[in-house]
Amino acid sequence: MLDPSPDLAAHFPELQDQRLVVDYEDADDPVLLRPDGSPIDTWRENYPYSTRMPREEYEVVKRSLQIELLKLQYWIKDTGGRVVILFEGRDAAGKGGTIKRFTEHLDPRGARAVALGKPTERERGEWYFQRYVNHLPTEGEIVLFDRSWYNRAGVEPVMGYCTDEQYERFMRQAPLFERMLVDDGIVLVKLWFSVSKSEQRTRFLIRQVDPVRQWKLSANDVKSLDRWDAYTEAKVKMFRATDTEIAPWTVVKSNDKKRARVEAMRSVLARVDYADKDEDVVGEPDLKVVGAAATLLE
Ligand code: ADP
Ligand code: MLT
């Protein structure tokens with residue numbers, strides 16, 4: 001049984017008198033139920049499919065794409081390539097969950113996830129990009145950033161963690177910084193996970209009650225419920241300033257977590273011409289779910 005915390009309850013007036021239950025049949029992707037047993041299906045909001053990807057189909061597709069990711073990794077090791085994938089999006093959009101599936105079967109010696117906390121005092125005195133530069137890949141490596149330098153285009157200005165001047169400088173420097181990375185031969189993929197407003201709220205509620213997800217619910221998450229529009233505005237400005245030809249954004253509609261995960265994998269694989277690629281498995285990304293920033297704004 002779930003009683004929303006006072007903080008969360010204020011954001012769910014329609015739910016305050018109800019006791020909710022979480023259905024863990026698919027423990028990986030639990031569903032919130034009303035007292036009458038009907039599912040809260042906020043994932044449908046603006047979603048291009050009327051059903052979520054079934055678990056059986058997901059397992060098969062995910063496994064075959066994970067095999068392709070391994071081929072990509074072997075190829076990168078063989079050729080000394082460097083790959084950087086940014087996982088960005090609002091809180092609860094599914095960044096961490098997708099990274100977990102990306103790395104599940106990769107050789108950890110050549111694939112690293114980087115999730116940096118708030119900057120230290122020392123880091124605050126450095127060039128903003130400096131602490132991220134420290135984590136860039138060497139030859140043969142794939143680095144997955146769970147949040148990235150784009151904190152300064154979203155959470156930092158919205159929560160007041162940076163000055164206007166720092167924000168403006170970031171917006172000017174980010175395309176230049178990324179140009180240097182790409183120019184140096186780094187494959188840079190920027191994924192934006194897009195979750196709808198009511199689905200985000202549902203995911204926060206599930207986080208609160210599911211013991212294995214409670215650590216994911218931060219004070220910032222609760223605050224972000226009131227700042228939906230500010231985050232939207234920040235996102236639009238970010239796309240305008242940083243969706244460049246050499247480092248474009250790919251938007252992944254992630255109200256259906258399983259489709260989002262497999263399509264994110266597919267869109268990374270589709271961009272690289274690695275050895276032994278199975279075109280039948282990789283195919284083309286599903287344009288209902290992934291697309292360029294300009295075509296798929298939330
Ligand atoms: P999560 O990454 O789990 O969603 P939060 O929502 O708490 O975590 O924080 C979002 C991001 O904001 C994190 O990358 C965190 O490091 C960053 N952050 C939190 N507090 C500050 C701060 N005072 N200054 C700069 N960045 C911060
Ligand atoms: C997020 O996007 O905030 C989390 O990483 C989501 C998740 O892991 O499902």
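Numbering of ligands and ligand atoms starts at 1, following listing order.
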Task: Closest candidate by heavy atom, reference atom 8 (O) of ligand 1, pool G96, S218, A93 - done: S218
Open item on the list: At under 4.0 Å between heavy atoms, is it the side chain or the backbone of C162 that contacts ligand 1, or both, or neither?
Closed with: neither
TODO: Kindly indicate, with the supporting measurements, whether the criterion side chain to side chain donor-acceptor pair (under 3.5 Å) is fulfilled by S194 and S254.
DONE: CA-CA 5 Å; S194 161; S254 51; 5.7 Å; no
- [ ] Indicate yes or no: does D286 engage R259 in a salt bridge with an N to O separation below 4.0 Å.
- [x] no
Task: Short N or O distance, K118 and ligand 1, threshold 3.5 Å exclusive - done: yes
Task: Contact atoms of ligand 1, heavy-atom distance to V155 under 4.0 Å - done: 11 (C), 12 (O)
TODO: Write out all pairs satisfying ring-ring contact (aromatic ring centres under 6.0 Å, His included) with one or both partners inside residues 258-286, taking only residues at least two apart or from two chains.
DONE: none
TODO: Only one of Y150, W149, W127, Y161 passes ring pair (Phe, Tyr, Trp, His ring centres under 6.0 Å) with F170; say which it is.
DONE: Y150
TODO: Any atoms of ligand 1 less than 4.0 Å from a non-hydrogen atom of D221? List them with their elements.
DONE: 6 (O)
Open item on the list: Taking 4.0 angstrom as the limit and counting only heavy atoms of L116, give me the atoms of ligand 1 inside it, by number and element.
Closed with: 14 (O), 16 (O)
Open item on the list: With a 3.5 Å distance limit and no angle check, can you tell me whether R34 reaches the backbone of V21 through a side-chain donor-acceptor pair?
Closed with: no
Task: Enumerated ligand 1 atoms positioned under 4.0 Å from heavy atoms of N151 - done: 11 (C), 13 (C), 14 (O), 17 (C)
TODO: Report yes if some N/O of D91 lies less than 3.5 Å from some N/O of ligand 1; otherwise report no.
DONE: yes
Task: Counterpart residues, side chain to side chain contact (heavy atoms under 4.5 Å, CB included), relative to E123 (two or more places apart) - done: P119, T120, E126, R131
Task: Proximity flag D146 to ligand 1, non-hydrogen atoms under 4.0 Å - done: no
Task: Ionic contact status for R52 with D41, cut-off 4.0 Å - done: no
Task: Atoms of ligand 1, numbered as shown, that sit under 4.0 Å from any heavy atom of G117 - done: 16 (O)
Open item on the list: Below 4.0 Å, non-hydrogen atoms only: which portion of R147 touches ligand 1? Side chain, backbone, both or neither.
Closed with: side chain
TODO: Check whether more than 12 heavy atoms from other residues, nucleotides or ligands sit under 6.0 Å from atom CG of D184, and answer yes or no.
DONE: yes
